[in-house]
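One structure is given below, encoded as structure tokens.
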Amino acid sequence: MSPKVPFVELSFQRRPETEMLARSEAFFGLMDQRRTVREFSADPIPEGLIENAIRTASTAPSGAHKQPWHFCVVTDPEIKHKIRLAAEEEERQNYNGRFPDDWLEDLAIFETNAHKPYLDIAPALIVIFKENYRLENGERKKNYYVNESVGIATGMLIAALHYAGLASLTHTPNPMAFLNEILGRPKNEVPVILLPVGYPAEGTRVPDLKRKPLEAVMTRY
Ligand code: IYR
């Protein structure tokens, strides 16, 4: 049995309904401005922003509160470059045979290819690892709903970075085992997303995508 944790009174602010509606609209307006960016400026990020965004991500709900995630923040140019070379190697294989034709067709609108200069240019790369299980004194301990927990935490990380004024890219140069090797992470951790973070490059262009309307993503019963 794990030791008991005392219960404390919840701190919760009940707000006037008009304020709630205004806040929900403002938050949607802010999040609707978020775009995934593939061209980054090399400008450095103000101190503390990434740390606060990771603090925010780590408030995510998780199975049995195990917080089965680890965030590696890479700003060292040599390590970023190693990551770029390894990611480009995987992506070359992805684009030259590993991705089936329908996948390549679906990607065409993004004009992506195996060339990933942003892995050198973006001032920070956050590598999100899921902890499939924990290792406590050499003993294997269970984590729960790992994919769900890490997915929620990643969403909160992306939202927090955007709220702070930073752009990011959800990059998945699969398979990503090279990240364990380069970053020296143990084998209970599996990389999920490689997230370049920074300011968009001057004049960055993004595809003119439309989001599904509410009726297409919500059904009332
Ligand atoms: N990881 C590759 C391919 C890629 C796959 C999907 I699904 C995307 O939405 C975007 C890219 C790359 O980064 O080029």
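Atoms within a ligand are numbered from 1 in the order they appear, just like the ligands themselves. Hydrogens, waters and symmetry mates are skipped; everything else that's a heavy atom, side chains included, is used.
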Legend entry - atom 1 (N) of ligand 1: nearest protein contact (heavy atom, Å): Glu91 OE2, 2.7 Å

Legend entry - From the candidates Phe99, Trp103, Tyr95, the one that places a heavy atom nearest atom 7 (I) of ligand 1: Trp103

Inset, instruction - For ligand 1, find out whether one of its N or O atoms is nearer than 3.5 Å to an N or O atom of Lys116. - result: yes

Inset, instruction - Verify side-chain hydrogen bond (donor to acceptor under 3.5 Å, both in side chains) between Ser149 and Gln67, making sure each step is shown before the conclusion. - result: CA-CA 7 Å; Ser149 304; Gln67 298 182 266; over 6 Å; no

Legend entry - Heavy-atom side-chain proximity of Leu169 to Tyr118 below 4.5 angstrom: yes

Legend entry - Region of Arg38 that comes within reach of ligand 1 [heavy atoms, distance under 4.0 Å]: side chain

Inset, instruction - Measure from the side-chain N and O atoms of Asn132 to the backbone N and O of Val146, and report whether any donor-acceptor pair falls under 3.5 Å. - result: no

Inset, instruction - Determine yes or no for a side-chain-to-main-chain donor-acceptor pair under 3.5 angstrom, with Thr56 supplying the side chain and Asn52 the backbone. - result: yes

Inset, instruction - Pick, from Leu107, Asn113, Thr172, the option with the minimum heavy-atom distance to atom 9 (O) of ligand 1. - result: Leu107

Inset, instruction - Check for a donor-acceptor pair, side chain of Asn180 on one end and backbone N or O of Pro186 on the other, with a separation under 3.5 Å. - result: yes

